[in-house]
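Below is one structure, written out as structure tokens, with a few remarks after it.
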Amino acid sequence: MGGNRLSLVLDPAATTAHALHAHAAAALVTYAPRYQHAFCTVPESRTIVASLAAMTVLWIAKKSIQEARAVRKLRVQGVPEQKLLHPKRWLLGLQRYLIGHMLEPVPDMAGAIRSEQQVPLLHGKDVDGWDRTDQPPLIYLARYFFGYPSLVVADPKTLHVMLSTNSYTFIKPDTSIEVVGMVTGYLGMVNINGDVHKRHRRIVNPLFNMKTLMPLFPTMLASLDEFCAFLDSVPLSTPLPFHELCGQLTLNVIGRTGMNYEFNALALDGTPITRAYNEMQEVIEFTPWFLLCLMYPNTLGRIPTASRRQFWRGHHVMITAIKDMLQRARAEPNGTSLIHELIRQNTGNALSDEELVCETQTFLGAGHETTSSALAMALVLLAQFPDVQDELAKEVGAADLSDYETLSKLPQLNNVINETLRLFPPANMTFREASADITVPTTVLGPLALQKGLEIEVPIRAIHMDPTIWGPEAMTWNPRRWDTIDLVQGGSVDLSANRIVNGRRQIGPYDYLPFLVGPRGCIGRQFAVMELRLFIAGLVRRYKLATDLPVGGEELHVAITMRPTNAWVRVERRAHW
């Protein structure tokens with residue numbers, strides 16, 4: 001059964017450990033009086049350190065035993081496990097249970113290439129325990145430190161249960177809450193679970209319907225004009241870092257439309273909160289130490305490292321500013337920004353002050369970075385594919401940018417956005433945890449029993465790059481593919497044997513997940529798409545984009561989101577401008 005031998009040994013080992021503990025306790029009662037003086041001479045600090053170390057080792061051993069049992073239950077049900085490619089003897093053969101697959105080069109644990117590398121595993125290659133060639137498992141098992149298991153799931157039947165019908169049984173795990181909460185707050189919509197999430201969603205949902213968003217559109221348009229004025233001030237043929245500029249544009253927009261605050265992000269120094277936010281972002285990087293701190297937040301995560309101190313300094317500045325924004329919003333009952341609407345919807349103070357702070361923090365963290373990442377990628381891709389850019393420029397050239405209803409129906413514009421979000425989704429993966437023992441359906445394995453506490457990874461970008469869903473050119477950016485795609489939102493979630501119907505590719509709700517689906521889907525989807533439509537149309541209409549970056553030469557940084565770090569683009573005013 002591949003990696004299950006240790007779990008078979010650990011069960012009797014646990015019984016033996018209990019027996020040894022009982023004998024040791026009896027011996028201590030019998031012989032301790034003889035050595036009482038020696039015990040008293042041991043320095044207190046050493047005793048404390050030794051006790052803490054012993055407790056840590058025992059706790060890790062207990063967790064390892066529990067996780068080994070969980071893995072064994074999954075393997076017995078036919079779930080394949082990722083193979084070990086590292087040398088198998090350099091940790092005495094125990095690396096599967098000490099570091100799991102953390103150091104495996106394929107798939108990379110924290111890099112953008114992880115998604116591409118996951119596709120073969122989801123189809124039964126490079127895994128232990130799968131010898132069927134007729135159907136892919138679409139599920140495999142990976143491990144983290146000390147054998148901590150994670151079930152990677154791309155099966156639409158299983159995802160339907162996880163994300164839609166039983167979405168509140170599959171909660172956000174503590175590790176995910178720890179990392180995302182650093183930016184969005186621990187009590188914001190992105191992190192909370194169960195009935196608390198339902199209460200927040202009921203209050204926040206009205207903020208993102210079109211009736212509330214349309215009055216904000218002129219502010220977005222004014223921010224675009226300001227951005228273009230900045231671009232016009234730059235000498236011609238100057239490569240511009242759109243991976244940074246797009247973040248400054250969307251930060252200004254979320255400040256003006258969401259928080260009634262002027263970030264002045266395009267200025268050289270910005271504002272104190274802008275600088276504080278940037279300082280916070282700098283220290284979030286998925287290093288092995290960072291991942292260990294996430295797994296053990298109450299021990300390792302509390303060590304006051306220099307980067308952690310830098311983060312909390314910026315965090316204090318940001319929270320202080322947000323509290324001031326909320327206070328000013330309460331004094332302006334007729335304000336039109338999202339923070340004003342949040343105050344109005346919070347009748348009877350259903351959300352506490354701390355919850356309001358976290359929701360506003362979510363506006364800032366989730367409301368601009370994901371959009372800026374998608375915008376930067378779309379612009380550099382259009383610069384790399386001038387034929388697509390020219391087609392789009394013709395389409396938007398005749399459009400009235402102030403008419404959002406018309407803008408939302410432009411087919412080439414929507415194709416560019418859909419394809420960019422497919423191949424470069426800012427939320428490239430998400431995690432869930434089973435909050436109770438539950439049996440879920442699968443396409444190939446049949447009913448699969450999941451144990452309470454099991455962590456599950458939904459590999460969004462890997463699903464978006466699967467050739468069996470998107471065709472043989474799944475890893476190529478091609479907006480024209482959307483001319484012959486039908487997004488099927490309802491009906492059966494069974495994996496279709498033939499995805500082509502009347503010459504059109506059928507894409508289901510669990511095949512395309514840039515905003516997720518179900519009750520925990522992205523509540524700000526309309527806001528993000530509105531920004532992308534306006535900014536891409538406005539910039540392509542006014543400028544011809546060019547880049548020296550070759551196709552496939554993008555560098556992607558993966559932390560809370562996936563974003564480009566080398567989107568260098570030159571802009572040149574079009575003749576009619």
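- The closest donor-acceptor contact from the side chain of Y543 to the backbone of C228 lies under 3.5 Å.
- Side chain of R520 to main chain of M189: a donor-acceptor pair is present (N/O by atom type, distance under 3.5 Å, no hydrogens or angles).
- For R330, the side-chain hydrogen bond (donor to acceptor under 3.5 Å, both in side chains) criterion is met by D353, not counting sequence neighbours.
- Looking at heavy atoms from C-beta onward, L159 lies in side-chain contact with I463 at the 4.5 angstrom threshold.
- Residue pairs that meet the salt bridge (Lys or Arg N to Asp or Glu O under 4.0 Å) test with at least one member in residues 459-477, sequence neighbours left out, do not exist here.
- In the model, R563 has no side-chain atom that pairs as donor or acceptor with a side-chain atom of T565 under 3.5 Å.
- If you check the side chains of N260 and E332, you find a donor sitting under 3.5 Å from an acceptor.
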_I'd like to know whether V558 forms a side-chain contact (heavy atoms from CB on, under 4.5 Å) with R114, so could you lay out the CA-CA distance, the side-chain angles of the two residues, the decisive distance to 0.1 Å, and finally the verdict._
CA-CA 10 Å; V558 177; R114 173 174 177 79; over 6 Å; no

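- Here the side chains of V488 and I507 are not in contact, with every heavy-atom distance at 4.5 Å or above.
- Under the 3.5 Å distance criterion, the side-chain polar atoms of Q117 are matched with a main-chain donor or acceptor of D108.
- Residues satisfying the side-chain hydrogen bond (donor to acceptor under 3.5 Å, both in side chains) criterion with Q345, sequence neighbours excluded, are E341.
- Taking the side chain as every heavy atom from C-beta outward, P426 and L421 approach each other to under 4.5 Å.
- A donor atom on one side chain and an acceptor atom on the other are found under 3.5 Å apart for S164 and Y510.
- Checked options T420, N478, D483; the residue passing with N415 is D483 (criterion: side-chain hydrogen bond (donor to acceptor under 3.5 Å, both in side chains)).
- Taking H340 as the reference, nothing meets the ring-ring contact (aromatic ring centres under 6.0 Å, His included) condition, with sequence neighbours excluded.
- Between the side chain of Q361 and the backbone N or O of I319 there is no donor-acceptor pair closer than 3.5 Å.
- Annotation for K198: atom NZ counts as buried by contact number, over 12 foreign heavy atoms lying within 6.0 Å.
- Checked against ring-ring contact (aromatic ring centres under 6.0 Å, His included), F230 has no partners two or more places apart in sequence or in another chain.
- Just one of L413, V416, L392, V388 meets the side-chain contact (heavy atoms from CB on, under 4.5 Å) condition when paired with V540; it is L392.
- A side-chain donor-acceptor contact under 3.5 Å links N414 to the backbone of S408.
- Within the structure, salt bridge (Lys or Arg N to Asp or Glu O under 4.0 Å) pairs that include any residue of residues 216-228 comprise D225-R542, E226-R256 (at least two apart or interchain).
- Within the structure, salt bridge (Lys or Arg N to Asp or Glu O under 4.0 Å) contacts touching residues 410-428 (residues at least two apart or in different chains) are E419-R422, E419-R481.
- When the salt bridge (Lys or Arg N to Asp or Glu O under 4.0 Å) test is applied to D403, no partner is found at least two apart in sequence or on another chain.
- Every residue two or more places apart in sequence or in another chain was checked for a salt bridge (Lys or Arg N to Asp or Glu O under 4.0 Å) with R525, and none qualifies.
- Annotation: side chain of L207 is not in contact with side chain of F527 (no heavy-atom distance under 4.5 Å).
- With sequence neighbours excluded, the residues satisfying ring-ring contact (aromatic ring centres under 6.0 Å, His included) with Y404 are F217.
- Using a distance-only test at 3.5 Å, with no hydrogens or angles considered, no donor-acceptor pair links the side chain of E572 to the main chain of K544.
- For the side chain to side chain donor-acceptor pair (under 3.5 Å) condition, no pair includes a residue of residues 238-254, sequence neighbours left out.
- Taking the six-membered ring where the residue is Trp, the centroids of W482 and W477 are separated by 6.0 Å or more.
- P479 places none of its side-chain heavy atoms less than 4.5 Å from the side chain of Q412.
- Here the closest non-hydrogen pair linking A376 and F242 is CB-O, 3.7 Å.
- With sequence neighbours left out, the side-chain hydrogen bond (donor to acceptor under 3.5 Å, both in side chains) criterion links D324 to R328.
- The minimum heavy-atom distance between A112 and L556, with the atom names listed, is CB-CB, 3.6 Å.
- Inter-residue side-chain proximity for L382 and L539 is flagged as unmet; no heavy-atom pair is nearer than 4.5 Å.
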